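Notes follow once the structure below has been shown.
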Amino acid sequence: MLDLKFIRENIDVVRQAMSNRNTEAPLDAILQLDGERRQKIIELEDLRHSRKEAAKERKTDKVSAEEGRDLRTMIKSLEDEVRNIDLQLGELLLQVPNIPHSSVPVGKDESGNVRLRSWGEPKPLGFQPKPHWELGETLGIIDFDRGVKISGSRFYVLKGLGARLQRALIAFMLDIHTKEHGYTEVYPPYMVKKETMIGSGNLPKFADNLYHDAEEDFWFVPTAEVPITNLHRDEIIPGGYLPINYVAYTACFRREKMSAGKDTRGLKRGHQFDKVEMYKLTTAESSYEELEKLQLNAEDVCRHLDLPYRVVSLCTGDIGFQSAKTYDIEVWAAGCGEWLEVSSCSNCEDFQGRRANIRYRPAPDAKPQFVHTLNGSGLALPRVMIAVMENYQQADGSIRVPEVLQDFVRAKVIR
RNA sequence: GGAGGGGUGUCCGAGUGGCCUAAGGAGACGGUCUUGAAAACCGUUAUCGCGCAAGCGAUCGCAGGUUCGAAUCCUGUCCCCUCCGCCA
């Protein structure tokens, strides 16, 4: 959420940002409601002041109860109006995306994204590589049919060394981020209250993509970013505690309504998938420095797994709603011949912090400021599974286990 | 699931309709005293909105309601605690 005051005072900047994002936002309606709101608040406070005075004088009988009652009626109707405006304003404000950072390339869609660097080379395997769904079924480590039997399309079952390989990847990622990159491991709930989804900005706008238990009003997290953002909701973090670095492994649940019929084959896009997520709360001054670190932390996982990848800076038309700047990591998957997005590292600046009301005190007596928040996958499991299986496959259909995982998997080859 | 108790400021804690402008204590910070420290004493110690400011207003878990007036009464809701039951 943007600062209403910022919109009011920098309307041209905001308009330009929306145009760069190739999107529209109800800015005129916001400005108008904002004006009305401030007018009414002044009136309202005036009336409340009168009520206070009247209540005091009531004891000495200088004011009749009827006068008080009139005041009350007026205050109530004004309060209703202001509440009504607040509600509308809040809803409109939620439709305004973050302002892209000045370093973000301007472009209207993904074709405007800019490749920054790449690491490793897609190596020819010397035989016709198979896609992971073939490898997985032949090796008996992925069971698509039974996944569909028990849960329907976009579900699968990992078995034997397939399940173990995923668990090894999770453990490996958590270890590297906690031991080498300085993150604190968090195990959050996978189901959260409505307020939590609102705090992270997923509700009300993105309800379409979420699973919901209507009876208990629990919402299933689409990413660990949701519970972690809310960890410090409504808190003021004392000076000196930032940056805070969290890493969490969770399952993620997404309805994928927007991608109906797309990527239905294999592990690429399921309703339930695992992810290791990194998250940072920082000061305003250091968030871009931290974004670079976060990005390198994600890349480090790919390097350890020896997966060729490229880094893309998303353009203004392609960055997410809450993000001011985003880097994607795409790894090469030899079997399906695709670059797969395995990580997305974003700086949301104070957009989420304002929404979730997370502040910090820059100095002991200073005014609280909104924290800057950053999130990045480190990494998304199914797509790493795809890349590992397809890039490490051998001519006979077996799969070598990446060196860093061999101890955990307790095998050098899956056959 | 049943029965009961409770949410007050950084923390503890008083407060059952009007000087609550929220007592008192702790901690923290500043000052006095001291060679220095401790003790003692004095002071400061929330957040938000509107405003250049003075100031005005809001907030006692949250949301409604009653009243001339609500931390205080009523309703709903969230959370916490105790006991019983059930349970991986």
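Order of the sequence lines sets the chain letters (A, B, ...), proteins ahead of strands, with each chain counted from 1. The structure presented is a predicted model; accordingly, all values stated were derived computationally and were not measured.
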Whole-Å [atom1] distance, [N] and [M]:
{"N": "B:G61", "M": "B:G2", "atom1": "P", "result": "26 Å"}
{"N": "B:U72", "M": "B:U59", "atom1": "P", "result": "10 Å"}
{"N": "B:C60", "M": "B:U21", "atom1": "C1'", "result": "15 Å"}
{"N": "B:A70", "M": "B:G51", "atom1": "C1'", "result": "29 Å"}
{"N": "B:A14", "M": "B:G65", "atom1": "C1'", "result": "27 Å"}
{"N": "B:G36", "M": "B:A22", "atom1": "P", "result": "38 Å"}
{"N": "B:G1", "M": "B:C87", "atom1": "P", "result": "15 Å"}
{"N": "B:A63", "M": "B:G30", "atom1": "C1'", "result": "41 Å"}

Identify the nucleotide, in any strand shown, that forms a Watson-Crick or G-U wobble pair with [N], with both distances under 3.5 Å; if there is none, say none.
{"N": "B:A14", "value": "none"}
{"N": "B:A54", "value": "none"}
{"N": "B:C86", "value": "none"}
{"N": "B:C60", "value": "none"}
{"N": "B:U21", "value": "none"}
{"N": "B:A70", "value": "none"}
{"N": "B:C29", "value": "B:G43"}

Given A:Tyr211, which partner from the list A:Arg254, A:Gln272, A:His271 fulfils the side chain to side chain donor-acceptor pair (under 3.5 Å) test?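 The single option meeting the side chain to side chain donor-acceptor pair (under 3.5 Å) with A:Tyr211 is A:His271.
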Among A:Thr373, A:Asp350, A:Asn347, which residue satisfies the side chain to side chain donor-acceptor pair (under 3.5 Å) criterion with A:Ser287?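 Single side chain to side chain donor-acceptor pair (under 3.5 Å) partner of A:Ser287 among A:Thr373, A:Asp350, A:Asn347: A:Asn347.
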Considering only NZ, NE, NH1 and NH2 on the basic side and carboxylate oxygens on the acidic side, decide whether [X] and [Y] come within less than 4.0 Å.
{"X": "A:Glu45", "Y": "A:Arg48", "answer": "no"}
{"X": "A:Glu256", "Y": "A:Arg154", "answer": "no"}
{"X": "A:Lys268", "Y": "A:Glu338", "answer": "yes"}
{"X": "A:Asp80", "Y": "A:Arg83", "answer": "yes"}

ask   = Between B:G64, B:U66, B:C78, which nucleotide has the shortest distance from any of its atoms to the side chain of A:Lys76?
value =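 The answer is B:U66, which lies nearest to the side chain.
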Side chain of A:His49 - closest among B:C56, B:C79, B:A58:
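That would be B:C56.
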What's the [atom1]-[atom2] distance between [X] and [N], to the nearest Å?
{"X": "A:Lys193", "N": "B:C80", "atom1": "NZ", "atom2": "P", "result": "8 Å"}
{"X": "A:Arg48", "N": "B:C68", "atom1": "CZ", "atom2": "C1'", "result": "17 Å"}
{"X": "A:Ile236", "N": "B:C11", "atom1": "CD1", "atom2": "P", "result": "11 Å"}
{"X": "A:Asp3", "N": "B:G49", "atom1": "CG", "atom2": "P", "result": "8 Å"}
{"X": "A:Asn230", "N": "B:C79", "atom1": "CG", "atom2": "P", "result": "14 Å"}
{"X": "A:Asp70", "N": "B:C68", "atom1": "CG", "atom2": "P", "result": "11 Å"}
{"X": "A:Lys194", "N": "B:C62", "atom1": "NZ", "atom2": "P", "result": "17 Å"}
{"X": "A:Arg354", "N": "B:C48", "atom1": "CZ", "atom2": "P", "result": "12 Å"}

| field | Donor-acceptor side-chain pairing of A:Asp28 and A:Gln32 below 3.5 angstrom | value |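 Not at all, the side chains of A:Asp28 and A:Gln32 share no donor-acceptor pair under 3.5 Å.
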### Query
Is it true that the side chains of A:Glu225 and A:Thr229 contain a donor and an acceptor less than 3.5 Å apart?
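Side-chain D/A pair, A:Glu225 to A:Thr229: absent.
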Between the protein and nucleotides 6-9 of chain B, are there any N/O to N/O pairs under 3.5 Å, and if so, what are the atom names and distances?
none

* Under 4.0 angstrom, heavy atoms only, what part of the nucleic acid is A:Arg8 near: base, sugar-phosphate, or nothing? ->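 Here A:Arg8 touches the backbone only, sparing every base.
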Report the residue (A:Asp46 or A:Arg69) whose heavy-atom-nearest nucleotide on RNA chain B is the more 5′ of the two.
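Its nearest nucleotide being more 5', the pick is A:Asp46.
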Nearest-nucleotide wise, let me know which of A:Glu66 and A:Asp80 is further upstream toward the 5' end of RNA chain B.
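In this pair, the answer is A:Asp80.
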Name the pairs: protein N/O against N/O of nucleotides 69-75 of chain B, kept only if under 3.5 Å.
residue, atom, partner, partner atom, Å
B:G69, OP2, A:Arg72, NH1, 2.6

Can you sort out which residues in residues 37-44 of chain A have a heavy atom within less than 4.0 Å of RNA chain B? Ascending by number, please.
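The stretch gives A:Arg38, A:Ile42 as the residues lying under 4.0 Å from the strand, ordered by number.
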| field | CD/A:Gln39: more than 12 non-hydrogen atoms of other groups inside 6.0 Å | value |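 Open.
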Original post:
Of all residues at least two apart in sequence or in a different chain, which pass the ring-ring contact (aromatic ring centres under 6.0 Å, His included) check with A:Phe408?
Top reply: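 If we apply the ring-ring contact (aromatic ring centres under 6.0 Å, His included) test to A:Phe408, skipping adjacent residues, there are no hits.
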Q. Mind checking what makes ring-ring contact (aromatic ring centres under 6.0 Å, His included) contact with A:Phe370, not counting sequence neighbours?
A.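 ring-ring contact (aromatic ring centres under 6.0 Å, His included) check on A:Phe370 returns nothing, list empty.
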- Contacts of type salt bridge (Lys or Arg N to Asp or Glu O under 4.0 Å), residue A:Asp86, not counting sequence neighbours: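 If we apply the salt bridge (Lys or Arg N to Asp or Glu O under 4.0 Å) test to A:Asp86, skipping adjacent residues, the hits are A:Arg37.
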ask   = Between atom CE of A:Met385 and atom CD1 of A:Ile141, what is the distance when rounded to the nearest 0.5 Å?
value =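 The CD1 atom of A:Ile141 is 6.0 Å from CE of A:Met385, to the nearest 0.5 Å.
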Tell me which one of A:Leu307, A:Leu379, A:Asp328, A:Val301 satisfies side chain to side chain contact (heavy atoms under 4.5 Å, CB included) with A:Val342.
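Checked A:Leu307, A:Leu379, A:Asp328, A:Val301 against A:Val342; only one passes side chain to side chain contact (heavy atoms under 4.5 Å, CB included): A:Leu379.
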